[in-house]
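See structure below.
Order of the sequence lines sets the chain letters (A, B, ...), proteins ahead of strands, with each chain counted from 1. Values below: all heavy atoms of this structure, side chains included; hydrogens, waters and symmetry mates excluded.
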4 protein chains.
Amino acid sequence: MVDRYFSNKSLKLGKRERTRSALIDSAIKVIAEKGFESASIKEITQAAGLANGTFYNHFTDRESLASEAAGVAIFEIALEIKEEVKDIEDGLDKVIVSSDKVVDRTINAPTWGKIIIGAWHHLDDFQQDVAQIMRSDLNLAKRQGLTSLPINKLLEYQICSLIVLSISLQLKNGRNKATRLETAEAILRLLGIAPAEAKQRAQKALFG
Amino acid sequence: MVDRYFSNKSLKLGKRERTRSALIDSAIKVIAEKGFESASIKEITQAAGLANGTFYNHFTDRESLASEAAGVAIFEIALEIKEEVKDIEDGLDKVIVSSDKVVDRTINAPTWGKIIIGAWHHLDDFQQDVAQIMRSDLNLAKRQGLTSLPINKLLEYQICSLIVLSISLQLKNGRNKATRLETAEAILRLLGIAPAEAKQRAQKALFG
Amino acid sequence: MVDRYFSNKSLKLGKRERTRSALIDSAIKVIAEKGFESASIKEITQAAGLANGTFYNHFTDRESLASEAAGVAIFEIALEIKEEVKDIEDGLDKVIVSSDKVVDRTINAPTWGKIIIGAWHHLDDFQQDVAQIMRSDLNLAKRQGLTSLPINKLLEYQICSLIVLSISLQLKNGRNKATRLETAEAILRLLGIAPAEAKQRAQKALFG
Amino acid sequence: MVDRYFSNKSLKLGKRERTRSALIDSAIKVIAEKGFESASIKEITQAAGLANGTFYNHFTDRESLASEAAGVAIFEIALEIKEEVKDIEDGLDKVIVSSDKVVDRTINAPTWGKIIIGAWHHLDDFQQDVAQIMRSDLNLAKRQGLTSLPINKLLEYQICSLIVLSISLQLKNGRNKATRLETAEAILRLLGIAPAEAKQRAQKALFG
DNA sequence: AATGAATGAGCGTTCATTCAT
DNA sequence: GATGAATGAACGCTCATTCAT
């Protein structure tokens, strides 16, 4: 049986919705464990305590379940992190601390890391969802005059790329303070901050 | 039958080498079309006009062919681009023009773009190969005093991530001058260049 | 389609059990025809009128089906023969008549003979099963004071070897009264009976 | 490269015969290592330092090479053992000591044990060859009045079956003095010797 | 709505065999 | 005669998908 990461509300739902949620939860878990391509429908349904045929009552194919699962997963992470950084007032700090928390979470709970890496190049929607998460923080920094750059989708994607790279490397080589720091600095430089200031800021925001 | 991207010299080679090259060419094409995971050995051999069993005379498994194919693909591109930018003397310009050419090439010949995107997260070696390509240019820029940053692997990977993102977006949405420009600017900012100068440099280096 | 040697009761069984039985029946037949190593899963399933994939709903691999099939085959034969010799009171006679009946049956229904020969050297369990069948009769003979030898596994195996040899020869050269008789005599001598008495006993027990 | 167990004379032979011998030697080795069914032609030829195609210049199929190899192997063993027991004058002792030596050799050099077990049920000729080996000793025992039984093929086969069983068990469970002794006793009883005398004889012949 | 047995195309892989060199 | 690249049928096995229950 799968932990209910995301569907604790399931009790309030009808039977159909409950089964659907169970499948999504299970998919998140299995994809995280086995990777995107190796998550077979049989394994997903079994982990959910359901029969394989049940899958087809709710989804047309594996892809459709996967994109839903990825969306649910990232949305929940975003909510949690947003809460955790709500007291940071500096927009830039908010961006790099959030980013670092995403990475951090994935290193400690590879479940999420792998699903993010795995989904990154497979699901268009997923990239958009992820990128959007930092939009409000970026706009905050802009309003605070901390960056002169126009905030657009490409910039969001670029930041996400740096985050995904950091996750990917640390998943492979283990947690690494230098990588975290340099990733934060790189994000800041990408936002137009000069190297020296970027270094100071990153150090202070991440490690006090 | 597959175009001989990389083995035009095949006529000079022995039979064994010719077949081997044909398989690599075919693999490049099929991986580009179907993606990394979906490129079956049968399809690769069929596209090469060979029997499926022939594959195993030359490679132990799909992975080994794939990494070879990816390596060949990127190596050839790198060589060509290096030649094309040999007259640029400014290290930073060299980096962003090279990067832009990689992107440009993949947009015009999606075969290569897709294989790069596809291999990016699957083959460790591949990432290393790609990253290394810009090392000499980065070091040149460093020697020229154009960037104060230490040149290390992570920085190379970060630049590559931006390139891969640019490829990915333009493959999906079509060629886009703004994306090219902003990617070059982003690379420069990542290297510590101030936004305004980055903008000028990018504009000038890419579009004269 | 395959005769239902062992699963005549199939009508009473659930669908799953019916299919499983069909596979075992089919395996028995195919192994008998083609030999142990050449009985492919495809052929077994086809002979059962099922799809090859169905096999894997019921067995993990070929070996597991084979050992089950062999076990079923020998168990059924043993039961029948036990019943047929239940009125023989002399332990030694019981042993050699049972043995002769096993051989006899395999000559008339080569299906069984070949499966026994085929499985003999491939499945450890199978040898143990077969050998055990005569244990009770041997112990009976011992209690009756008809043999002074200790009854142990090796002795059982030795008797089985003589039976398998007899089967093997008669499968090749056809039914042969002399071979049957001499096999019975050999078993008796193996059990310590003097040649002359062995001859008399064998003649009388087998042919009245 | 393969040791030349049986074809040291190869130097005197023509090239064709030399290659043929090399294949037979190699087959013996590979069959012994991998078993009968798993000895692929590629492996046999490779172990002989030859190309796989070469096989077909000398043999029509795997079976034909195998039977030749088995024949060569057993013939050589028989010669050696015959020499080793040439000073034993008692026919029965000769039989059981020879038998024990065959078994012994296979336990110490599983190469031969496995090939004998492996070939036993696959090659008709092989069985005949093996059985014939003890014919002269059996006839000697008969002439010496040590057994009253008629010496025929079946009897030879029966003795061989007991030997093969002994090999098989000891290959699986390791060398075992009791098994050797009981096998010798069983052969003697099979030849009509009373259990008590069989016990004495076996003990004395095998272990002095 | 949920089941799970059955399906069969497709996978990667092995290997006896052919044949041009 | 020897070679070894090429072959392609066959293998064991996986899995998304269907459908009767």
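The separation between Phe59(B) atom CZ and dT13(E) atom C1' is 16 Å, rounded to whole Å. In this structure, Lys15(B) atom NZ and dT3(F) atom P are separated by 16 Å, rounded to whole Å. Atom pair Phe55(A):CZ and dC15(F):P shows a separation of 14 Å (rounding to whole Å applied). Distance CG (Leu23(C)) to C1' (dA6(E)): 11 Å, rounded to an integer number of Å. Residue Ile44(A) contributes atom CD1, which lies 12 Å from atom C1' of dC15(F) at whole-angstrom precision. Rounded to whole Å, atom P of dG12(E) lies 10 Å from atom CD of Glu43(B). Rounded to an integer number of Å, the gap from OH of Tyr56(A) to C1' of dC15(F) is 8 Å. Atom CD in Gln46(D) sits about 13 Å away from atom C1' in dT3(F), given to the nearest Å.
Proximity note for Ile41(C) (side chain, C-beta onward) versus dG12(E), dC11(F), dC13(F): the nearest is dC13(F). Closest to the side chain of Ala51(D), from the set dG4(F), dA16(F), dT13(E), is dG4(F). The Arg62(A) side chain lies nearest to dA16(F) when the options are dA16(F), dA2(F), dC11(E). Closest to the side chain of Thr54(D), out of dG12(E), dT7(F), dA2(F), is dA2(F). Counting only heavy atoms from C-beta on, Asn52(C) has its side chain closest to dG8(E) among dG8(E), dG4(E), dC15(F).
The structure places CZ of Arg20(B) at 14.0 Å from OG1 of Thr54(B), a figure rounded to the nearest 0.5 Å. To the nearest 0.5 angstrom, Phe55(A) atom CZ is 5.0 Å from Leu65(A) atom CG.
Closest approach of Ile44(A) to Leu23(A), counting heavy atoms only: CG2-O, 3.9 Å.
Across the interface with DNA chain E, nearest-nucleotide mapping of Ala39(B) and Thr19(C) shows Thr19(C) to be the residue nearer the 5′ end. Take the nearest nucleotide of DNA chain F for Arg20(B) and for Lys42(C): the residue whose nucleotide is more 5' is Arg20(B). Residues Leu50(D) and Ser40(A) each lie close to DNA chain F; by heavy-atom proximity, the contact nearer the 5' end of the strand is made by Leu50(D). Residue Arg16(C) is the one, among Thr60(B) and Arg16(C), whose nearest nucleotide of DNA chain E lies closer to the 5' end (criterion: closest heavy atom).
The nucleotide dC11(F) finds its pairing partner in dG12(E), both defining distances of the Watson-Crick or G-U wobble pair being shorter than 3.5 Å. Nucleotide dA2(F): paired with dT21(E) (Watson-Crick or G-U wobble, both distances less than 3.5 Å).
One cannot find a donor-acceptor pair under 3.5 Å joining the base of dA1(E) and the side-chain atoms of Asn57(A).
In this structure, the side chain of Ser21(A) does not engage the main chain of Arg18(A) through any donor-acceptor pair within 3.5 Å. Under a 3.5 Å cut-off, the side chain of Ser26(B) and the backbone N or O of Thr45(B) do not form any donor-acceptor pair. Counting only distance, with no hydrogens or angles, the side chain of Asp61(D) and the backbone of Ser64(D) share a donor-acceptor pair below 3.5 Å.
The side chain of His58(A) contributes no N or O atom lying less than 4.0 Å from OP1 or OP2 of dA1(E).
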